[in-house]
> 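A single structure is presented below for examination.
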Amino acid sequence: DWNEPMNWNWDAVPDGNIAIGNAANPFIARISADIPATPTDIIVGEWFGTGVLDQTAGTAQTGTGNWMKIGSGINGTGFYNLANTDSSGGVLTGFGTGSGTMNVSGAVMMGEQYSVQTGNNSTVKINTTGAFIVGYAFDIGYNGAKADVFMDAGTVKVGDSIYFSRSPSATNSVSGTSSLSISGGSIIVTNRLVLAPGDYTTNAFASGSHATVNINGGTVTTDVAHNDSWAAGVSMASGVWDGNYAATNGGGGGAATLNL
């Protein structure tokens, strides 16, 4: 239980400091009610460890401008389930529908931010009547990580873009695989979806990187002002992938697959 002080170091629920969950079966971190204390970053699984965070209900949040990291550090493995993990039913998640909402003020990173690593694994499963709110970028498969997002129901709101298999720089570029699979719900992106874009500045692809989006239901909508990376301003349940990002921004070696 997240709200139980005795479950944390120093016998205190994180409030104004980083919350790190490096526990898996049978000691799974669980949010089933609103968390009154606000941590800075929320980290699930880092540094050769495995972490699992189940959020079945309630509202949780990071501090202002702070991040959520899933599967970070060297060889970190993280699982975040925004669903009712006490029941089954979701086509993709395998879990029942929960009612939780996660509000991340900053970015969400699935993978390691700073060092070049190849052993990171990150999984997010969403089946909720609530929402997954990301204030800034949502990086799926950063810096060589293997990262997968599965969504059956709920709302995902991203304040910037969703990036798949992005690298920190051209010189520190590691190939990775990332995927987003949707059977229901809605994803609303303020800017764009960018599949296997390479690094921040030169868009140099890591050879072998691959990003896949599977939409079997639900909708993905992007900003009408950004149409170089994704068909803009349309429901992607019936939209068209234009695939122009690699052609117009240089780079090579990355690949993207869109299955509607």
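Starting from 1, each residue takes its place in the sequence as its number.
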> Under the side-chain contact (heavy atoms from CB on, under 4.5 Å) test against S179, which residue among V213, V149, D148 passes?
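Result for side-chain contact (heavy atoms from CB on, under 4.5 Å) with S179: D148.
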> Between atom CD of Q61 and atom CG of D34, what is the distance when rounded to the nearest 0.5 Å?
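Here the rounded value is 8.0 Å.
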> Starting at OG1 of T101, measure out to CD1 of I31 and round the result to the nearest 0.5 Å.
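T101 atom OG1 to I31 atom CD1 measures 11.0 Å (nearest 0.5 Å).
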> So which atom in A107 and which in V104 form the shortest heavy-atom distance, rounded to 0.1 Å?
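Answer, listing the atom of A107 first, then V104: O-CG1, 3.5 Å.
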> Could you list the residues that satisfy salt bridge (Lys or Arg N to Asp or Glu O under 4.0 Å) with D86, not counting sequence neighbours?
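So D86 forms a salt bridge (Lys or Arg N to Asp or Glu O under 4.0 Å) with R30.
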> Tell me the closest heavy-atom pair linking G106 and W67, and the distance in Å.
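Heavy atoms only, the tightest pair is CA-CD1, 4.1 Å.
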> For M68 versus V44, what's the shortest heavy-atom pair and its separation?
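Residues M68 and V44, closest heavy atoms: CE-CG2, 4.3 Å.
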> Under 4.5 Å between side-chain heavy atoms, counting indirect links through other Ile/Leu/Val/Met/Phe/Trp/Tyr residues: same cluster for I187 and L82 or not?
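Yes, I187 and L82 fall within the same hydrophobic cluster.
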> Less than 4.5 Å apart, side chain to side chain, heavy atoms only: is that true for N191 and D160?
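Answer yes - side chains close enough.
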> State the CD-CG distance between Q55 and N84, to the nearest 0.5 angstrom.
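Reported to 0.5 Å precision, the distance equals 12.0 Å.
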> For F132 and Y80, take the angle between the two ring planes, folded into 0 to 90°, and tell me which bin it lands in: parallel under 30, tilted 30 to 60, perpendicular over 60.
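F132 and Y80: tilted rings.
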> In this structure, would V156 and V108 fall into the same cluster of hydrophobic residues linked by side-chain contacts under 4.5 Å?
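They do share one cluster, since a chain of ILVMFWY contacts under 4.5 Å joins V156 to V108.
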> What is the minimum heavy-atom distance between P39 and A37, and which atoms define it?
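It is CD-O, 3.5 Å.
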> Treating Ile, Leu, Val, Met, Phe, Trp and Tyr as nodes and any side-chain heavy-atom pair under 4.5 angstrom as an edge, say whether L53 and F138 lie in one connected cluster.
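In one cluster with L53: F138, yes.
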> Quick one: do N66 and S105 satisfy side chain to side chain contact (heavy atoms under 4.5 Å, CB included)? Show the steps, please.
CA-CA 6 Å; N66 294 120; S105 176; 5.8 Å; no
> Hey, what do you get for CD1 (I28) to CZ (F79), rounding to the nearest 0.5 Å?
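Result: 10.0 Å between the selected atoms.
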> Tell me, do P36 and N3 make a side-chain contact under 4.5 Å, heavy atoms counted?
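They are in side-chain contact.
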> Please give me the minimum heavy-atom distance between S99 and A57, naming the atom from each residue.
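Heavy atoms only, the tightest pair is OG-CB, 3.4 Å.
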> Can you get from M151 to I215 by hopping between Ile, Leu, Val, Met, Phe, Trp and Tyr side chains that sit under 4.5 Å apart?
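Both belong to a single hydrophobic cluster.
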> May I ask you to decide if G111's main-chain N or O and N120's side chain share a donor-acceptor pair within less than 3.5 Å?
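Here the side-chain-to-backbone pair does not exist.
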> Can you name the nearest heavy-atom pair linking F150 to T93, along with the distance?
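In terms of heavy atoms, the two residues are closest at O-CG2, 3.7 Å.
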> Indicate, with yes or no, if V158 and I42 share a hydrophobic cluster defined by side-chain heavy-atom contacts under 4.5 Å among Ile, Leu, Val, Met, Phe, Trp and Tyr.
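Yes, I42 connects to V158 through the hydrophobic network.
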> Looking only at side chains, do S183 and D152 share a donor and an acceptor under 3.5 Å apart?
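Looking only at side-chain atoms, D152 and S183 do form a donor-acceptor pair, the distance falling under 3.5 Å.
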> So, does T62 use its side chain to make a donor-acceptor pair with the main chain of D41 at under 3.5 Å?
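No, T62 side chain to D41 backbone: no donor-acceptor pair under 3.5 Å.
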> Please report the interatomic distance CD1(I70) to CG(D139), rounded to the nearest 0.5 Å.
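That separation rounds to 11.5 Å.
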> I need the T59 OG1 to I35 CD1 distance, nearest 0.5 Å.
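If we round to the nearest 0.5 Å, T59:OG1 and I35:CD1 are 9.0 Å apart.
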